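The structure appears right after this line, and notes come after that.
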Amino acid sequence: MCGIVGIVGTEPVAERLVDALRRLEYRGYDSAGVATIHDGKMDRRRAEGKLFNLEKVLDGEPLPGTIGIAHTRWATHGVPNVTNAHPHFVEGVAVVHNGIIENFSELKEELIAEGAVFESQTDTEVVAHLLAKYTRQGLDHKAAMLAMLNRVSGAYALVVMFADDAGTIMAARSGPPLAVGHGKGEMFLGSDAIALSPFTNEITYLVDGDFAVLTAQGARIMDFAGQPVTRTSQISQAATFLVDKGNHRHFMEKEIYEQPEIISHALSHYVDFAENVVKQPDMAIDFGSVSGLAISACGTAYLSGLVGKYWFERYARLPVEIDVASEFRYREIPLSKNQAALFISQSGETADTLASLRYCKDEGLKIGAIVNVRESTIARESDAIFPILAGPEIGVASTKAFTCQLAVLAALSISAGRARGTISADDEKAMIRHLIEMPRIMSQVLNEVQPQIETLSRDLSRFKDVLYLGRGTSFPLAMEGALKLKEISYIHAEGYAAGELKHGPIALIDENMPVIVIAPHDRFFEKTVSNMQEVAARGGKIIFITDERGAAASKLETMATIVLPNVDEIIAPMIFALPIQLLAYHTAVFMGTDVDQPRNLAKSVTVE
Ligand code: F6R
């Protein structure tokens with residue numbers, strides 16, 4: 001997390017650096033800072049909190065200069081305050097950093113023993129001190145950088161400026177992403193291509209172990225031994241994305257409401273609407289011959305993978321091993337080369353997901369990436385890319401990426417079923433017809449349930465704890481509902497498999513804990529209703545999210561019943577995701593929290 005940017009050119013940079021930071025604020029918003037060199041003097045402005053605060057500081061005290069670096073922070077080491085904000089300055093060296101320097105404590109001790117005085121609590125400052133030390137010892141800037149890179153370990157993207165060289169920016173990547181942008185007489189660096197999109201669409205992505213030296217004329221890329229390496233540039237699609245809220249109050253609201261249109265676009269990539277069949281997927285993975293699938297991801301993306309597990313097992317009879325990436329990467333799971341692996345990530349940069357991918361790659365598995373950002377590291381390291389085509393998701397809480405991930409997983413599981421002969425051509429056509437209908441039903445649901453949910457969210461906001469229950473594919477949805485509610489409203493929420501209720505959580509049930517039951521009238525319905533009875537018998541307040549058949553079949557008294565249209569099992573998770581997103585959204589709005597940038601979170605998690 002943390003967003004970094006740099007410009008070396010001929011025009012003033014401060015305003016453009018802040019403009020680029022605005023597009024990187026999704027990576028962190030604890031503090032922000034910018035530094036430039038002008039007339040041989042390096043200067044900086046920093047501010048705690050959102051970028052807006054930095055802009056105010058810059059309005060009062062502008063920064064001239066045609067070279068500069070900037071940073072928006074997601075705090076790892078040290079509280080979010082001005083002193084810990086980047087850029088960090090030590091004796092004419094300026095550093096911005098994304099990631100974690102894992103050996104910073106020992107380096108700091110060593111540097112302090114040598115007389116260094118640290119200003120901040122950050123791990124980043126050791127980089128600036130090391131560079132200052134090597135420069136003092138007489139190394140030139142490039143040699144100092146290489147010496148420093150050979151001392152630090154961990155995950156980092158680093159961008160560095162030296163006060164006595166107003167024509168050069170240096171950068172290194174070991175983990176978190178870094179993109180070099182090629183302008184006309186100017187060069188750029190950014191955590192992603194979207195940050196650089198107003199300046200250039202010609203991008204070179206650095207890979208792990210790359211060290212780059214940028215001047216206004218171009219970039220030289222080397223390894224950490226200083227040996228030149230060749231990286232080709234590409235034309236990025238990032239500039240085509242329009243990123244504004246439209247008529248909506250928040251990006252999250254906009255992203256919820258654009259789901260019908262976006263999912264229809266995503267489906268058109270995977271489904272032949274004329275023939276009602278799935279288009280032939282990327283041949284790099286042959287679902288027909290694999291012995292099993294390994295799936296890994298984090299957070300909401302993991303929960304979409306969990307729904308995918310139900311589908312791959314049911315429709316394609318394909319065994320699925322799935323785990324959150326932070327566990328998957330260290331479990332030493334025995335895998336066979338006959339298995340394929342799928343990694344799901346909106347950003348395509350999540351550190352744990354990337355590490356799990358690399359683990360599977362080392363084990364010889366074919367790798368598929370279900371990603372939103374097609375130019376991301378996870379996409380680039382995969383054999384097959386399955387884009388979710390959701391467009392930029394700015395709200396930190398994932399909404400449209402989740403349903404688009406589900407749509408892609410649905411299409412892939414049908415395709416796998418066809419390849420393995422476990423679903424008939426008629427079944428496939430029927431399922432595709434349901435998928436084709438889905439955008440229309442999503443629109444209908446969004447319009448119909450919104451007023452009821454807005455009212456309900458006022459009631460929900462009075463509670464401190466909420467339990468979500470579901471069975472089958474509604475179980476991951478229950479967890480997703482709980483995740484959405486807790487991350488943006490800060491109400492404590494848990495999602496449980498409805499059948500697990502009596503093995504523990506039932507002890508919590510009383511009139512102070514609403515239980516949100518997600519239950520379409522599917523093959524699990526009766527069993528879920530029995531679990532609801534258990535809640536009702538203990539005085540629990542039930543919010544029942546069901547369909548018309550379910551509402552007609554249940555006679556239980558509820559705090560509220562949200563009735564959706566009857567839909568087929570294959571599209572139910574995407575349809576039932578909508579009321580749980582809206583419920584979290586309206587509850588958070590009612591409580592007055594920062595919906596798009598909830599506290600402590602960041603959109604792209606590039607540290608472990
Ligand atoms: C929750 C949310 C997170 C992400 C998770 C993975 O609303 O957005 O849980 O799903 O951090 O991120 P990606 O998909 O970028 O790998």
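These values consider heavy atoms only, across backbone and side chains, with no hydrogens, waters or symmetry-generated copies. In this text, all values refer to a predicted model and were calculated from it rather than measured experimentally. Atoms within each ligand, like the ligands themselves, are counted from 1 in listed order.
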Close-range residues for ligand 1, whose non-hydrogen atoms fall below the 4.0 Å threshold: C298, G299, T300, A301, S345, Q346, S347, T350, V396, A397, S398, K484, E487
field: Face-on cation placement of R173 at Y156 ring, 6.0 Å and 45° thresholds
entry: no
query: Among all residues two or more places apart in sequence or in another chain, which pass the side-chain hydrogen bond (donor to acceptor under 3.5 Å, both in side chains) test with K50?
result: D594, Q597
task: Not counting sequence neighbours, which residues clear ring-ring contact (aromatic ring centres under 6.0 Å, His included) with Y270? List them please.
output: none
Pairwise ring-ring contact (aromatic ring centres under 6.0 Å, His included) hits with a residue in residues 571-608, at least two apart: H250-Y585
- request: Describe, in one word, how the ring planes of H77 and F104 are oriented to each other, choosing from parallel (under 30°), tilted (30 to 60°) and perpendicular (over 60°).
  value: perpendicular
- prompt: Cation over ring, R599 on Y490, under 6.0 Å and within 45°?
  reply: yes
